[in-house]
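Naming: A, B, ... by sequence-line order, numbering from 1 per chain.
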Protein chains: 2
Amino acid sequence: MSQYLKVIADSSRLEILDLLSCGELCACDLLEHFEFSQPTLSHHMKLLRENDLILMRKDGNKNMYRLNKAVIENLTDKLSLLSSEAVPCICHDMDKGSC
Amino acid sequence: MSQYLKVIADSSRLEILDLLSCGELCACDLLEHFEFSQPTLSHHMKLLRENDLILMRKDGNKNMYRLNKAVIENLTDKLSLLSSEAVPCICHDMDKGSC
DNA sequence: CATCTATATAGATTTTTGTCTATATAAGTA
DNA sequence: TACTTATATAGACAAAAATCTATATAGATG
């Protein structure tokens with residue numbers, strides 16, 4: 001889980017996900033919205049893809065990206081378990097007050 | 001938001017939050033569950049506190065920690081907006097296909 | 001085929017961050 | 001007061017990560 005969070009925790013990548021949240025965009029559309037270079041965008045998209053947070057299709061020489069909403073939902077669901085009560089979790093194995 | 005996520009994205013801190021999800025624990029209880037040193041734990045707790053993800057009270061010479069569930073809920077709520085439709089978001093300002 | 005556009009890769013560099021050791025502080029206890 | 005336990009701080013160091021420039025590839029188009 002921390003691996004997914006690390007990918008999302010970068011402000012540029014989070015903004016990319018936000019931009020994609022309304023629908024498909026190509027890399028060059030995204031690039032125009034950022035200050036960083038094209039190889040940097042390529043690097044971010046690769047990370048997002050490798051971690052299944054986005055999906056890609058080829059359209060001519062363009063890469064069209066969209067959110068993988070299922071994976072993102074799954075991540076937020078798991079994260080919300082932290083603030084919910086009475087779920088199976090590692091904290092049950094803790095011995096309190098042993099120090 | 002990415003600041004919060006960066007704090008949570010570390011696997012040690014995520015595990016600390018998980019351990020705290022069942023209730024209050026002192027730093028020394030937590031320390032016994034990890035391989036790293038006491039100063040490292042202290043550093044992690046400081047980060048979690050500075051970002052309001054946990055709350056602390058003093059009990060003698062011990063620090064008692066608990067989750068700040070409100071903040072964590074707020075974070076997961078905002079994150080879940082990514083995978084939901086039709087919310088106000090920066091992607092509406094995008095000009096698609098301008099490249 | 002030559003060229004342009006869109007994207008990827010390689011490699012270097014800088015920043016960030018997680019960790020350590022050593023030491024300090026602060027509270028409890030004999 | 002001396003000592004022990006719990007925690008914090010300072011400073012160093014190493015690993016990870018974000019960025020860049022330069023270059024390569026791949027598809028579209030004249």
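- When each of A:D59 and B:M56 is assigned the nucleotide of DNA chain D with its nearest heavy atom, B:M56 is the one assigned upstream, toward the 5' end.
- In this structure, A:K58 and B:Q38 both approach DNA chain C, and ranking their closest nucleotides by distance from the 5' end singles out A:K58.
- Note: CG (B:N61) to C1' (D:dA6) measures 5 Å, nearest angstrom.
- At least one side-chain nitrogen or oxygen of B:K46 sits closer than 4.0 Å to the OP1 or OP2 atom of D:dT9.
- Using a 4.5 Å heavy-atom threshold, the side chains of B:Y65 and B:L55 count as separate.
- Regarding contacts with the backbone of C:dT7, every side-chain N or O of A:S42 stays at 4.0 angstrom or more from both OP1 and OP2.
- One can place CG of A:L47 at 14 Å from P of D:dA16, the figure rounded to the nearest angstrom.
- Here the nucleotide nearest the side chain of B:H43, chosen from C:dG18, D:dA18, C:dT7, is C:dG18.
- Side-chain N/O atoms of A:T40 include one lying less than 4.0 angstrom from OP1 or OP2 on D:dC20.
- Going from atom CD of B:E32 over to atom C1' of D:dT5 covers 13 Å, rounded to whole Å.
- Computed from coordinates, the B:L31 CG to D:dT7 C1' distance equals 10 Å when rounded to whole Å.
- Across the interface with DNA chain C, nearest-nucleotide mapping of A:K6 and A:M64 shows A:M64 to be the residue nearer the 5′ end.
- Atoms CG (B:N63) and P (D:dT9) sit 11 Å apart, rounded to a whole Å.
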- Where do A:R49 and A:M56 land on the side chain to side chain contact (heavy atoms under 4.5 Å, CB included) test, with the steps shown first? CA-CA 8 Å; A:R49 268 188 74 192; A:M56 195 195 90; 3.3 Å; yes
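- Between C:dC20 and B:S37, a contact under 4.0 Å exists linking OP1 or OP2 to a side-chain N or O.
- Centroid-to-centroid, the aromatic rings of B:F36 and B:H44 come within less than 6.0 Å.
- Contact annotation: A:H44 reaches the phosphate of D:dT19 (side-chain N/O to OP1 or OP2, under 4.0 Å).
- Note: CD1 (B:I54) to P (D:dT7) measures 12 Å, nearest angstrom.
- Remark: P of D:dA18 and CD1 of A:I16 are 11 Å apart, rounded to the nearest angstrom.
- Between the CD atom of B:E15 and the P atom of C:dG18 there is a distance of 15 Å, given to the nearest Å.
- Nucleic acid contact for B:Y65: sugar-phosphate only, since backbone atoms but no base atoms lie under 4.0 Å from a heavy atom of the residue.
- Of all non-hydrogen atoms in A:L67 and B:L82, the two that sit nearest each other are CD1-O, 3.3 Å.
- In terms of position on DNA chain D, the residue among A:G60 and A:D10 whose nearest nucleotide sits closer to the 5' end is A:D10.
- In the set D:dT9, C:dA6, C:dA10, the nucleotide with an atom closest to the side chain of A:C28 is C:dA6.
- B:N51 contributes a side-chain N or O that, together with a main-chain N or O of B:L47, makes up a donor-acceptor pair within less than 3.5 Å.
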